[in-house]
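Values below: every heavy atom of this structure, side chains too, minus hydrogens, waters and symmetry copies. Indexing begins at 1, ligand by ligand and atom by atom, following the structure's order. What you are looking at is a predicted structure, and each value in this text was computed from that prediction instead of being measured.
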Amino acid sequence: GAIAADVRRGALIVLEGLDRSGKSSQCSRLTSFLHTQGLSVEAWRFPDRSTAMGKMISSYLSSQMDLDDASIHLLFSANRWEKRALMEAKLRAGTTLVVDRYSYSGVAFSAAKGLDLDWCKAPEAGLPAPDLVLYLDISAEAAAERGGYGGERYEKVEFQKKVEQNFKSLQDSTWQNIDATQSIDTLESMIREAALKVVNDCHSGRELSH
Ligand code: DGP
Ligand code: NA
Ligand code: NA
């Protein structure tokens with residue numbers, strides 16, 4: 001029945017944060033860890049630059065192409081929508097997804113350009129809702145001091161400050177703030193603990209929502 005189909009589903013775990021917050025390394029560490037626990041797990045990321053839409057996004061981010069702010073916003077969202085069916089199928093089949101950025105980045109970055117926050121949220125409604133959002137909390141200044149901004153469009157401290165404010169206004173009950181200035185190993189163990197708990201909840205019948 002409908003209930004049984006959701007039992008032992010995978011968890012949708014999202015890592016969010018500013019550029020240089022350490023998300024990507026924590027995503028791969030967490031994925032490897034869950035794998036060693038015998039779980040079915042995959043690392044995903046948005047934007048997914050491998051699709052046709054993702055390639056347009058990539059040329060926008062590297063400033064090879066310009067696009068109207070609203071248009072690129074919808075394109076980022078469409079890039080999540082084009083993966084929706086696969087995401088849901090994986091989750092229902094019991095695979096946990098560790099996702100590097102999701103709708104929160106979608107809203108926080110676009111609204112930082114001056115687009116209305118609620119308008120930015122609208123196209124995200126209906127996508128699978130994360131079971132856990134781990135926000136790697138670091139100030140834009142501290143992130144910039146880490147160096148290594150790759151020169152992509154949004155990688156400027158003034159812009160990231162606005163993104164930071166937007167992220168803070170998007171926090172909901174699925175969020176856990178994690179102080180991203182802690183050591184990489186401390187972060188890793190906090191993230192492991194939070195992830196295992198939510199994977200357990202999902203395996204025990206917590207339903208997938210939208
Ligand atoms: P990444 O590949 O994680 O470094 O992301 C590329 C950049 O795009 C990064 O600065 C964050 C930004 N970004 C990610 N998702 C979205 C989105 O949905 N909308 C907008 N406007 N920007 C996004
Ligand atoms: Na980036
Ligand atoms: Na990243």
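- Taken from CZ in F109 to CG in L18, the straight-line distance is 6.5 Å, to the nearest 0.5 Å.
- Taking a 6.0 Å sphere around NZ of K168, one finds it holds more than 12 heavy atoms contributed by other residues, nucleotides or ligands.
- Each of the atoms 1 (P), 2 (O), 3 (O) of ligand 1 lies under 4.0 Å from some heavy atom of R45.
- Using a non-hydrogen distance threshold of 4.0 Å, H73 does not register as a contact of ligand 1.
- In the hydrophobic clustering (ILVMFWY side chains linked at under 4.5 Å, chained through shared members), V199 is joined by I13, L15, L30, F33, L34, L39, V41, V98, L132, L134, L136, I178, L187, M190, I191, L196, V198.
- Residue R80 has at least one nitrogen or oxygen atom sitting less than 3.5 Å from a nitrogen or oxygen atom of ligand 1, judged on distance alone.
- Using a 4.0 angstrom heavy-atom cutoff, R153 does not count as in contact with ligand 1.
- In terms of polar-atom proximity, defined here as any N/O pair under 3.5 Å, Y154 does make such a contact with ligand 1.
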Quick one: do S62 and E152 satisfy side-chain hydrogen bond (donor to acceptor under 3.5 Å, both in side chains)? Show the steps, please.
CA-CA 5 Å; S62 61; E152 282 202 326; 5.6 Å; no
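- Other members of a hydrophobic cluster containing Y149 are absent, since no ILVMFWY side chain comes under 4.5 Å of it, directly or through relayed contacts.
- Checking only distances, K23 never comes within under 3.5 Å of ligand 1, N or O to N or O.
- Close approach of ligand 1 to L61 is summarised as follows: ligand atoms under 4.0 Å from at least one heavy atom of the residue are 6 (C), 7 (C), 8 (O).
- Where the criterion is an N or O separation shorter than 3.5 Å, residue side chain and backbone included, R49 meets it with respect to ligand 1.
- For ligand 1, the polar-atom distance check finds an N/O of D19 within less than 3.5 Å of one of the ligand's N/O atoms.
- Ion pair K23/E16 not flagged as a salt bridge, since none of the NZ, NE, NH1 or NH2 atoms sits closer than 4.0 Å to an Asp/Glu carboxylate oxygen.
- Between S105 and the options F76, Y154, F167, a side-chain contact (heavy atoms from CB on, under 4.5 Å) holds for only F167.
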